[in-house]
Amino acid sequence: MNDATENKRPIRLLLIDDEKGFVATLAKRLAKRNIQATQAYNGREGIQALRKGDFDVALLDLKMEDMDGLEVLKMIKIMAPQLPVIMLSGHASDESAHDGIKAGAFEYLTKPYDLKDLLAIIQRAVRQSTT
């Protein structure tokens, strides 16, 4: 079993991505692993959810139509500086990964990715933020 499954309280994850099918599928897969995903389909919804909720980690797409992921990341870091943010992108470049890490992202993951890799990064982010 992984750490998330062993915890009594689910990990609270803020999932911000404008690909609705991807978000719905990933949220279901995470729920089976004791990770409760609040779904936001654009940057503005993500910021609103952050204002209303308490999260352990955020998963943020780099390229969205309404707001650039780096812009959303910078806003998250102002509102919740201790919240680890994992950046996702299907259009990855070394420059965008570097920009995300420089802006405060915990980690950068390229789509498609292995779910085991994502779960390991989520676990590491949550552990690091609670120590």
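Nothing here was measured: the structure is a model prediction, and the numbers come from that model. Heads up: numbering here begins at 1 and tracks the sequence.
Ser129 and Asp56 make their closest contact through OG-O, 4.1 Å (heavy atoms, listed as atom of the first residue, atom of the second, distance). A pairwise comparison of heavy atoms in Ala105 and Met87 identifies CB-CG, 3.5 Å as the closest pair. Between Ala49 and Leu14, the closest heavy-atom pair is CB-CD1, 3.7 Å. Heavy atoms only, all atoms of each residue included: Leu62 and Ser89 are closest at CB-CB, 3.8 Å. For the pair Ala103 and Leu73, the tightest heavy-atom approach, listed with the atom from each and the gap, is CB-CD2, 3.6 Å. Across Lys20 and Tyr41, no two heavy atoms sit closer than the pair CG-CD2, 3.4 Å.
Panel note: side chain Lys28, backbone Val23; no donor-acceptor pair is recorded below 3.5 Å. Side-chain N or O atoms of Asp18 include one that pairs as donor or acceptor with a backbone N or O of Glu65 at under 3.5 Å. The backbone N or O of Arg44 sits less than 3.5 Å from a side-chain atom of Asp66, completing a donor-acceptor pair. Although no hydrogens or angles enter the test, the distance criterion places a donor-acceptor pair under 3.5 Å between the side chain of Arg33 and the main chain of Arg29. Of the possible polar contacts, none joining the Thr25 side chain to the Phe22 backbone as a donor-acceptor pair under 3.5 Å is found.
When side chains are defined from C-beta on, Val57 does not count as touching Ile35, because their heavy atoms never get closer than 4.5 Å. By the 4.5 Å heavy-atom criterion applied to side chains, Met67 and Ile16 are not counted as neighbours. Asn42 places none of its side-chain heavy atoms less than 4.5 Å from the side chain of Asp17. Within the 4.5 Å cutoff, side-chain heavy atoms of Asp68 are placed close to those of Lys63. Side chains of Leu118 and Leu26 form a contact here, defined as non-hydrogen atoms less than 4.5 Å apart.
Between the NZ atom in Lys102 and the NE2 atom in His98 there is a gap of 5.0 Å [rounded to 0.5 Å]. Distance check: Ile11 CD1 to Phe55 CZ gives 13.5 Å after rounding to the nearest 0.5 Å. To the nearest 0.5 angstrom, Gln128 atom CD is 13.0 Å from Gln123 atom CD. Residue Met64 holds its CE atom at 10.0 Å from CD of Glu45, rounded to the nearest 0.5 Å. Here the straight-line distance linking atom CG of Leu60 with atom CG of Leu109 works out to 12.5 Å at 0.5 Å rounding. Taking CG of Leu15 as the reference point, atom CG of Asp61 lies at 9.5 Å (rounded to 0.5 Å).
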